[in-house]
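Single-structure report; data block below.
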Amino acid sequence: MMADTRADPAAQSELMDEDEPFFSNLDLFLFSLIAGLLVYWIIFRKKAEPIPEFKKLEPQTTRETSFIGKMKKTGKNIVVFYGSQTGTAEEFANRLAKDAHRYGMKGMAADPEEYDMSELSRLTEVENSIAIFCMATYGEGDPTDNAQDFYDWLQEGDADFSGVKYTVFALGNKTYEHYNSMGKYVDKRLAELGARRIFDLGMGDDDGKNQTFKLEEMEPFDSKNPFLAAVTVNRKLNKAGDRHLMHLELDITGSKIRYESGDHVAVYPINDSVIVNRIGDLLGVDLDTVISLNNLDEESNKKHPFPCPSTYRTALTHYLDITNPPRTNVLYELAQYATEPKDQENMRKMASSSPEGKALYQSWVLDSCRNILAILEDFPSLRPPIDHLCELLPRLQARYYSIASSSKVHANSIHICAVVVEYETKTGRVNKGVATNWLKNKMPTDNGHKATVPMYIRKSQFRLPFKSTNPVIMVGPGTGIAPFMGFVQERGWLKEQGKDVGDTVLYYGCRYKKEDFLYQEELEEFEKTGVLTALNVAFSRDQAEKVYVQHLLKKNKEAVWRLVHSDNAHIYICGDARNMARDVQNAFYEIAEELGGLSRSQAVDYVKKLMTKGRYSQDVWS
């Protein structure tokens, strides 16, 4: 049941010698494709991507780890490496590789985790070759899981890439402070090691839609080999209200899993059986039919769209994303199966790059939150073969949660704090978050059996100061409180060990004191015992005028400024990136202006320097 997850270039070519005719093609290829990639990115990836055909499973062969050998054997001269956490960078890499043939070249997409990247220096052995890197950034500027080893190798290695031609396309979201840092690093580091940059770094920004770490010890479990943790606690945190906020505890006894306060836990959810069965009913198929699908492209590394043999039910339940709005390339491919010309026309229009098509896709699919089931229901003439649908749907990804505990206090358990996602769409349907609704039903004992969750740890740079004497200011409204429960537990443990611990200040926010003050008893006890120096809570709706955490920061500006400017405090923000994190950052700007006598630009620089020094950290999501 485990799914394999991987979480606008303004490109300009350098002048090439006239006696190298390949590079006129290369310029054309890169300029056209990377510029096209940018357009694809901006318009929500609206162009159709050819989907490989699949056939019955053939005997498996040993995986080749030499990409140079593979390029020579298959006549490829372009290799597109991808660092992907959610599948987007992988999709773009495949798109670039497939489109190379239009320019008289041959490309292959490659997962750096599956190849010997030390061979990069040998790329010059392939005539007229180039390496393209589509690199996403995870969390606080971290590499994606599949690019971690490549990143470590780049950091530690002293390879000579003289003569190797490359370009980098970075994928990120400018909402985050560490925007495209992985792409920037790869671009810079390859140049430092002697490689020749033939196109400027492309900067993809996904904002239209919604420090690097070292492992001290190899974890026994990871994205490809998750640990099955038993649920020992599952309780509702809020006392009233129409939302469901929950606290879960996962038992990791005997697993040898290590985690630190601030790390993330990745969990693999499964889709709602109601949606799976409804898709089967609409398409008129026996979901328990055993299937084996194999990629007809023998040169492709991706032999199967999901683990095979399998059944349609297993694929739709465990491996495929059936709840997010489908991308435009999926609509384009499915349009051929609509028997009503009007349905076919509308689907193709939404998959186009025309202003009218983009507007229709935005309103009809994205704004209305239509998943594949809703689209099948609202286009009655659309009844595609389920095999093709399974090939088109993206993989179901792991969900990440900030760990709400400290391993110093809870060595054998990992705590999760989350809100159950459930909302009504513009079409009147009720959409439910895949992971949170699945977790909500994971009771410690289910008919005498232990409920379990496949999980692994994702390391983070969201860390307490090395010196316990440094004060900390934590800002985390709602479920943003999660990592700070671990931080406060750890500061309390340090005090018990006789360590000198600096001020520990928390700014928390919720709607109503009597409804959703999460962990109220625990936090008030921490304040009573002196573990929390100050507990500042903003109840946004308990009075006529809304009060948020940024208002309390400005109210306590003198104390905040003293801790930051004089006492070397570390600042931590967790929660919503689009609004809260921005408003809190603006509050720090205003405090620096007012009490530090700085101009706005100086205040901005002041906060940026705190970030550079690791004294202003964010664990945010949009």
### Task
Scan residues 524-540 for pairs that pass salt bridge (charged side-chain N to carboxylate O under 4.0 Å, His left out), counting only residues two or more places apart or in two chains.
none
When you measure from the side chain of [X] to the backbone of [Y], do you find a donor-acceptor pair of N or O atoms at a distance under 3.5 Å?
X    : Y    : answer
D516 : R511 : yes
D567 : A569 : no
D187 : R189 : no
D503 : T533 : no
Y259 : S413 : yes
N470 : G502 : no
N437 : G433 : yes
T529 : F526 : yes
T137 : G172 : no
K450 : V231 : no

### Task
Check the pair E515 / R541 against side-chain contact (heavy atoms from CB on, under 4.5 Å), numbers first and verdict last.
CA-CA 11 Å; E515 277 193 12; R541 303 183 187 184; over 6 Å; no
### Message
Among L464, L506, I571, exactly one meets side chain to side chain contact (heavy atoms under 4.5 Å, CB included) together with M474. Which residue is that?
### Response
L506
Look up atom [atom1] in [X] and atom [atom2] in [Y], then write down how far apart they are to the nearest 0.5 Å.
X    : Y    : atom1 : atom2 : answer
L396 : T317 : CG    : OG1   : 10.0 Å
C510 : Q520 : SG    : CD    : 8.5 Å
Y512 : D542 : OH    : CG    : 7.5 Å
K224 : N146 : NZ    : CG    : 8.0 Å
H551 : S540 : NE2   : OG    : 10.5 Å

Pair [X], [Y]: side-chain N/O donor-acceptor within cut-off below 3.5 Å:
X    : Y    : result
D145 : Y456 : yes
E593 : Y589 : no
Y82  : T144 : no
N586 : E590 : no

Is any side-chain heavy atom of [X] less than 4.5 Å from a side-chain heavy atom of [Y]?
X    : Y    : answer
W493 : Q489 : no
V472 : P465 : yes
V453 : W438 : yes
I414 : Y401 : no
M246 : N234 : yes
P444 : T232 : no
P477 : Y548 : no
M455 : P226 : no

### Task
Begin from the C-alpha positions of L245 and C417 and carry the test side-chain contact (heavy atoms from CB on, under 4.5 Å) through to its verdict.
CA-CA 7 Å; L245 296 116; C417 171; 5.9 Å; no
### Task
Test salt bridge (charged side-chain N to carboxylate O under 4.0 Å, His left out) on R395 and E90 and set out the steps.
CA-CA 12 Å; R395 288 291 292 270; E90 180 180 0; over 6 Å; no
For atom [atom1] of [X], is the number of surrounding heavy atoms from other residues, nucleotides or ligands below 6.0 Å larger than 12?
X    : atom1 : answer
F466 : CZ    : no
K239 : NZ    : yes
K236 : NZ    : yes

### Query
Hey, do the aromatic rings of Y138 and Y400 have their centres closer than 6.0 Å?
yes
### Message
Just checking F150 against F133, ring centres under 6.0 Å apart?
### Response
yes
Once you measure the plane-to-plane angle for [X] and [Y], does it fall in the parallel (<30°), tilted (30-60°) or perpendicular (>60°) bin?
X    : Y    : value
F517 : F539 : perpendicular
F487 : F462 : parallel
H565 : Y606 : tilted
Y616 : F588 : perpendicular

Check ion pair [X]-[Y] (N to O, under 4.0 angstrom):
X    : Y    : value
K432 : D272 : no
E422 : K440 : no
D619 : R463 : no

### Task
Please assess I481 against L523 for the test side-chain contact (heavy atoms from CB on, under 4.5 Å), listing each intermediate value before the final yes or no.
CA-CA 10 Å; I481 187 68; L523 291 173; 4.3 Å; yes
### Task
Take L120 and F81 through the test side-chain contact (heavy atoms from CB on, under 4.5 Å) and record every step on the way to the result.
CA-CA 11 Å; L120 195 57; F81 294 105; 4.1 Å; yes
